S.K.: 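Here it is: the structure, laid out below.
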Protein chains: 2
Amino acid sequence: MCPVDVPLHHLGGKWKLIVCFYLLQRPCRNGELRRLIPQVRQKMLTQQLRELEASGLVQREVFDQVPPKVVYSIVDKERAALEAVVYPLCEWGIDRVGRHGGRILTTTLPTDF
Amino acid sequence: MCPVDVPLHHLGGKWKLIVCFYLLQRPCRNGELRRLIPQVRQKMLTQQLRELEASGLVQREVFDQVPPKVVYSIVDKERAALEAVVYPLCEWGIDRVGRHGGRILTTTLPTDF
DNA sequence: CAGTATCCTAGGGGATACTG
DNA sequence: CAGTATCCCCTAGGATACTG
């Protein structure tokens, strides 16, 4: 077991890091995340969010109203650690795209989506 | 497409980050990596190394001798970016283990393994 | 030592439909 | 809106054997 195993276990999965990337910018509702990540299926989104919640990285807040409202956000305590991981990843990604071509669609999140 | 997609594409796969973790410490031979990561199968190790090579992150040096000697190492140009990604991941991992229990077996690599 | 070559399976993840 | 519930596929990855 090496040090990267643990994070790998919590952040593995096809959509977790992408979800975290968006949630680090601001809390999002289910539907927002689906629009931000059009390729993800509802089933997968839910599953990955639940696993992130189980890992204590993401918190789920339910507002008791109709229509239902659920907001996901990064747990405060883990924000710093998560940023330390995700941001370098982003910078590397942006840098790579700059050198090798490709397009980054969303870097900053509109306040409402 | 969001900024983490690109790194995810290059570092995805079950063993790539672990391999990078060790190669960042020093160049390693095939057999060393196998001993460092006992669960990995030769097939997988080779595959992941080839993909890392194709991504330009790892370089493969063949010494023409018998018995064969092949050394893998991190490409200089990419070392900084890779460290920026892997180290925070490690710290987070070590921190988590400290708080939640578990064991980290290898943090620093012996000069010969 | 550093790999190919096969074969095979588990489960991650896709698609579609339905519900409080 | 924010989810379950099913069904199903496919390929990433495991196991074993062989080679220059």
Side-chain angles (χ1 to χ4, degrees), chain A residues 1-2 4-5 7-20 22-23 26-55 58-73 110-113, chain B residues 1-2 4-5 7-20 22-23 26-55 58-73 110-113:
Chain A
M1 192 182 204
C2 90
V4 293
D5 285 332
L8 232 50
H9 179 255
H10 291 291
L11 295 176
K14 200 168 179 179
W15 309 102
K16 290 205 186 113
L17 273 170
I18 301 178
V19 167
C20 285
Y22 287 116
L23 289 185
R26 67 167 170 77
C28 289
R29 301 181 60 175
N30 180 67
E32 289 179 317
L33 289 171
R34 289 184 53 181
R35 279 188 294 278
L36 288 165
I37 318 167
Q39 313 95 307
V40 78
R41 296 286 140 184
Q42 176 65 53
K43 172 190 160 189
M44 270 299 109
L45 181 57
T46 305
Q47 184 199 105
Q48 305 277 295
L49 283 167
R50 293 287 135 79
E51 290 179 21
L52 285 170
E53 206 188 341
S55 298
V58 165
Q59 70 193 99
R60 179 171 180 271
E61 281 171 294
V62 183
F63 295 78
D64 196 0
Q65 64 186 50
V66 265
K69 179 180 175 180
V70 177
V71 173
Y72 296 94
S73 55
T111 46
D112 196 35
F113 190 75
Chain B
M1 192 183 204
C2 90
V4 294
D5 285 332
L8 232 50
H9 179 254
H10 291 291
L11 294 176
K14 201 169 180 178
W15 309 100
K16 290 204 186 112
L17 273 170
I18 302 178
V19 167
C20 285
Y22 286 116
L23 289 185
R26 67 167 171 78
C28 290
R29 302 181 60 175
N30 178 68
E32 288 179 319
L33 289 171
R34 289 184 55 181
R35 279 187 295 278
L36 288 165
I37 318 169
Q39 312 94 309
V40 79
R41 296 285 140 185
Q42 176 64 54
K43 172 191 161 190
M44 270 300 110
L45 180 57
T46 304
Q47 184 199 104
Q48 305 276 296
L49 283 167
R50 293 287 134 78
E51 290 179 22
L52 285 169
E53 207 187 342
S55 298
V58 164
Q59 69 192 102
R60 177 170 181 272
E61 282 171 293
V62 183
F63 296 78
D64 196 0
Q65 63 185 50
V66 267
K69 178 179 175 179
V70 177
V71 173
Y72 295 94
S73 55
T111 47
D112 195 35
F113 191 75

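Each chain gets a letter, A, B and so on, in the order its sequence line appears, and its residues count up from 1. These numbers were taken from a predicted model, which means no experiment stands behind them.
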S.K.: Charged N to carboxylate O below 4.0 Å: is that the case for R29(B) and E61(B)?
M.R.: no

S.K.: Mark up nucleotides 1-17 of chain D, 5' to 3', with B wherever a protein heavy atom is under 4.0 angstrom from a base atom, S wherever such an atom reaches only the sugar-phosphate, and - elsewhere.
M.R.: BSBB-BB-----BBB--

S.K.: If we ignore angles and hydrogens, is there a donor and acceptor under 3.5 Å between the side chains of Q42(B) and T46(B)?
M.R.: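 Yes, a side-chain donor-acceptor pair sits under 3.5 Å.
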
S.K.: Using atom types as modelled and distance alone, determine if a side-chain donor or acceptor of E53(A) lies under 3.5 Å from a backbone N or O of V58(A).
M.R.: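 Side chain of E53(A) to backbone of V58(A): no pair is present.
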
S.K.: Just need the stems in DNA chain D: three or more back-to-back Watson-Crick or G-U pairs, each with both distances under 3.5 angstrom, sorted by first number.
M.R.: C:1-20 with D:1-20

S.K.: Residues in side-chain contact (heavy atoms from CB on, under 4.5 Å) with V66(B), at least two apart?
M.R.: none

S.K.: How about F63(A) and V70(A): do any of their side-chain heavy atoms sit closer than 4.5 Å?
M.R.: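 No; the side chains remain at least 4.5 Å from each other.
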
S.K.: Could you check if a side-chain atom of C2(B) sits within less than 4.5 angstrom of a side-chain atom of Y22(A), using non-hydrogen atoms only?
M.R.: yes

S.K.: Determine whether V40(B) and V19(B) satisfy the following criterion, side-chain contact (heavy atoms from CB on, under 4.5 Å), listing intermediate values before the conclusion.
M.R.: CA-CA 10 Å; V40(B) 79; V19(B) 167; over 6 Å; no

